[in-house]
Every structure is written in C-alpha cells, then in structure tokens.
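The block underneath contains the structure these notes are about, expressed in structure tokens.
Quick note on labels: first sequence line is chain A, next is B, and so on, each numbered from 1.
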Amino acid sequence: MTTTLRIGFVPLIDCAIPVIAQDKGFAEEEGLRLDLVRENAWAATRDKVAYGVLDAAHMLAGIPVASILGLGGAAVPMIAPVALGLGGNAITVSTSLFQRMVQADPDAMAGPRVKSALALKKVIAGSREKLSFATVFPYSTHTYELRAWLAAGGIDPDRDVNLGVIAPPRMAGHLEAGWIDGYCVGEPWNLRTAARGTGVIVATKADIWPDSPEKVLAVRRDWAGEHPETVAALVRAMVRAAQWADAPANREELAAILARPDMVGGSAEVLRTALLPGSGGMGRHVFFRRNATVPWPDKAEWLIAQMVRWGQATPPVDAAALAAAVFRHDLYRQATESLGIEMPGG
Amino acid sequence: MREADFSILVIDENPDRAAVVERGLVEAGYVRVSLIGTSGNMVGRIQAMAPDVIIIDLENPDRDTLEQMFHVSRIVRRPIAMFVDQSGGAMVREAVEAGVSAYVVDGLRQERIKPIVEMAISRFAAFDTLRRERDDAHARLADRKVIDRAKGLLMKRKGLAEEDAYALLRRTAMQQNRKLVDIAQSVITAFEMDI
C-alpha cells in the first residue's frame, strides 16, 4: 500500500533531496508517494505544516527550533528527523557597494572573505545613509551568518545597518531595484545575481560557518508520534536521495531536474554552475557527505545559542534538552539502521 | 475601545479579493478598514497606519517581512503577534485552509478579534468558490468550442448532418469511456494530420 504525503518546498537548490526522493523512485521504494507543493515563502510553509495542510516540508532549520521555544507564529511544535544538506548560502552585495568596498579597503577585500566586512565598515563610516541588508527569515542561518559576518567587520547589525527580511524568490529583484544593498540567501539566488552583473558574492557559508545547519525536513511533533513508520520511511527515502544527489556523476541530471519550471526553474546554466564539479560551485552544496543528513542535536543547540546571542530568545533556556527534543537524531538512527550508514560518534 | 473603532488593515495582492473582504467588514460595522496590495514601502505604511489587526493572505511572501518587523519592537509602536486561537486551534486551522492569516496587537482579547478573522475566512472561501465557478465556466466554454470545431470538420469532410456528427462523437466517447471533448480533440488532430 502506498501512502501519499504532501511535501512543501521553497525553490532553492537544497530542495533537491525531497525532489529527488520522489523523482528517482526512492520514496516509492519505501511505499511513499510525495506530492511536492511549491511554496514561495517560509511563514506560509511553516503554518501549512503546523496546521496539517502539508505533512512535511523542506524548511529552515531554525523554524522547528523556534517552534519548540514558542517563538514566532502559532508555535505548534515541530521536529526535524532528517537534515537536508549543508552549505549553499552566500552574501551578495550590489555591484556599486562592492566597488565602494574595494575602494575603501582593498586589503580587506583581498584577504579572507570572512573578514571582507572590514571594508564595509569603512564604507559605512563614510556614508550618510544607512545601508540596508536582508535575509530570508528571522530564525534562519542566513540571519546568523549575515550578523556574524557584519560583527567580524566591527559592524553592529542592530545599529549600523537596517536589517530586514525578504522571501528568497524576491531577493534578487529587490537588490536590482536598489531597495537593498546586500543580502544573504541560498542558491541559486546569489549566482543568478552574479551572472546578471547586478551584484557580487563577498562571502559564502563555507567562509563563515561551514558546518552550521541549513535546511531540515520538518514535521509536526504530534503527527510524527502518530505515524512512526511513515516518518522512518520518509527519513530513509531522504537519505538515499541525498546519496544520489551527492554523487558527482548525477549532478548534471540533478541540475536538469531542478531547472524544470515547477521545481526551482530559471536558468539551467546557473544551476549547473552551482552543482557541477569544477564549476566553482561544488563544495557549496553537500547533500550527504560530512553527515549532512544527520540532525545532530548540537546543531540545534548552536541555533538556540544564536537566538539568545541576538536577543530573539530570552534566557534562561535549557538549550541541550530543547535541542534534543527538536533535532531527532534518535529517530534518524532507528530509521537508517538498515541502510548501514556509518556515523562517527553516533 | 469599541469594536467599530478597530483599525483593520487588509494586505492582499489580489485587489478583487481584498475588496470583497473589505466590504464584508464594513457591512459588519467595522468602519476603519484600509487596503494595501504589493507595496515597496509596506513597513512604512504599517508604521503610519498603526493597525490593530492585519489580515493578510497566507501565501503572501510579505508575511516573512512582517514577522521580522514585528520582532523588532522599535519599528512598530505596539507589539504585534500572530493571531492564535486559544480555544484549541480549530479556527486557526480553518483560517490556514482558507488561506487567511491574521496578526493582532498584543493584548487585544481573542474573542474581540474572532469575528474579524471569521469574516475574513468566510469571504476568502466565498471568493474561492466564485473563482472556481468562473474557471469551470471558462473551461466549459472552451470545451464547447472544441466540440463545435470537430463537428464542423466531420460535416464538411465526411458529409455528415450536424446531428449525425454529434451522435458519432458521443457514441465514440461512450464506447471508449472517454470525455466528449477528448474525442473531439482527437478528431481535430486527425484531420489536421490529414489522415
């Protein structure tokens, strides 16, 4: 018997795992049929999972963590039984801001990219208008990465710049229109802007925090409790899809699948750049290697620490206990035992 | 504050649906209702308006922007939170299914907000039904054009009378257990290929 599940995704390269799970038959082998539903923004995706319009979704790792902390929205508790990869975010600034940064501090711009915001600090010191930056959601690694990058340059993210939120598919348009000066978003929305010449990538997630969590597959905690077999099947289908997506030999086909207009869409060339070995993008997207699918509780703990650092969560917070309750390493292990995956320290 | 004095902001990219919601609220006695569509300066307009209640379509990507804005209390004068149905969540589920979300100034009692959210849900649902009916009507019209064209081709190329052409299409559809419009489309394709 086949169980049909409605799975939400946002058009970003790291939606690859659920997309491939359905497209290459890994879901079917687990007795699942995935109805993939394309979403344009995170708040809607969160609410649809919280209220059962979707069974599961490709989601920012911070959203289920926030739900357990009772932050944001209706806060129906969600859990993450599997992670959907590492990497893929970058910070892009408008071409004119990039030129001002190079002029202001050529040494900082030539050095390690994690410190390129030192040049931005000089630009800010010399400009009357506050610069505006955007990330994709309050509780996103994008927010924490952008804030860390700014802080590494001696910039106070809450005082020295305007920091807002714009949904990923709208980001490039806002930069092009001049409404914002820079942003942190997942691919393909950085490479696309770079390809159009309207912006320049100044740092990637790999420069800032290579192993920080990114997206997870989120499900409602109650739903997971009621459907343990389905959750286990879903985890296995995701892990096998991740293995497929990581193989260099499959990347060309992966780019073609994601280029379909009902998936990520847009320029197939940009997707190839992001995914193919040797094209400068490989390494940004890790789907399986480096335990990229394991929902390690210490990663949720790191997210909670970021939420506390930037004033989103109010201490005291029992970070370790909450982290283990949301990133369900135990469910992942039970589900994948039969796949014979080696997990160091597991 | 009396209910009628609540300042309500409706944010919707679909101006027709926004107008339907607005009319419903005004008819129910809420007089301070404003509408905005997609706006480059949404944050500025919300600051200026200081609404008590915001009704926004669930799918609108501006919601991500709003949620950040409500976090940073110095941006808005009064803290705003997502409407949560504390009596068990049934109403929020209904709202999500209808495609409605609502944000309210913190501290406003839930039962005073409920009628507003209920109105938005029923108007969204009514709008959806209307749209579906209109789409169905369009589809039926398009089907009829295809069938008429197939009938015309059969009359002209096979010398059939109109009722015989129609009967042939119907009989074939029934025999093959397919829709009449599909058979008509096959006929058109066949004649276009000249076989």
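- Chosen from B:Ala81, B:Pro61, B:Ser101, B:Ala95, the residue pairing most often with chain A at heavy-atom distances under 4.5 Å is B:Pro61.
- Remark: A:Lys48 does not engage B:Glu97 in a salt bridge, criterion side-chain N to carboxylate O under 4.0 Å.
- Across A:Ala167, A:Pro138, A:Pro168, the residue that shares the most heavy-atom pairs under 4.5 angstrom with chain B is A:Pro138.
- Counting non-hydrogen atoms of other residues, nucleotides and ligands closer than 6.0 Å to CZ of A:Arg196 gives a total of 12 or fewer.
- For CD of B:Glu111, the number of neighbouring non-hydrogen atoms (other residues, nucleotides, ligands) closer than 6.0 Å is greater than 12.
- Atom CZ of B:Arg63 and atom CG of A:Asn40 lie 13.0 Å apart (nearest 0.5 Å).
- By the 6.0 Å contact criterion, CZ on B:Arg178 is enclosed, its count of non-hydrogen atoms from other residues, nucleotides or ligands being greater than 12.
- A distance of 8.5 Å separates CD of B:Glu59 from OG1 of A:Thr45, quoted to the nearest 0.5 Å.
- Interatomic distance, A:Asp47 CG to B:Arg93 CZ, rounded to the nearest 0.5 Å: 12.5 Å.
- Not a single donor-acceptor pair under 3.5 Å links the side chain of B:Asp64 to the backbone N or O of A:Phe137.
- Ranked by non-hydrogen atom pairs under 4.5 Å with chain A, the options B:Leu66, B:Asp57, B:Leu58 are led by B:Leu58.
- Once rounded to the nearest 0.5 Å, the distance linking CD of B:Gln68 with CG of A:Leu163 reads 6.5 Å.
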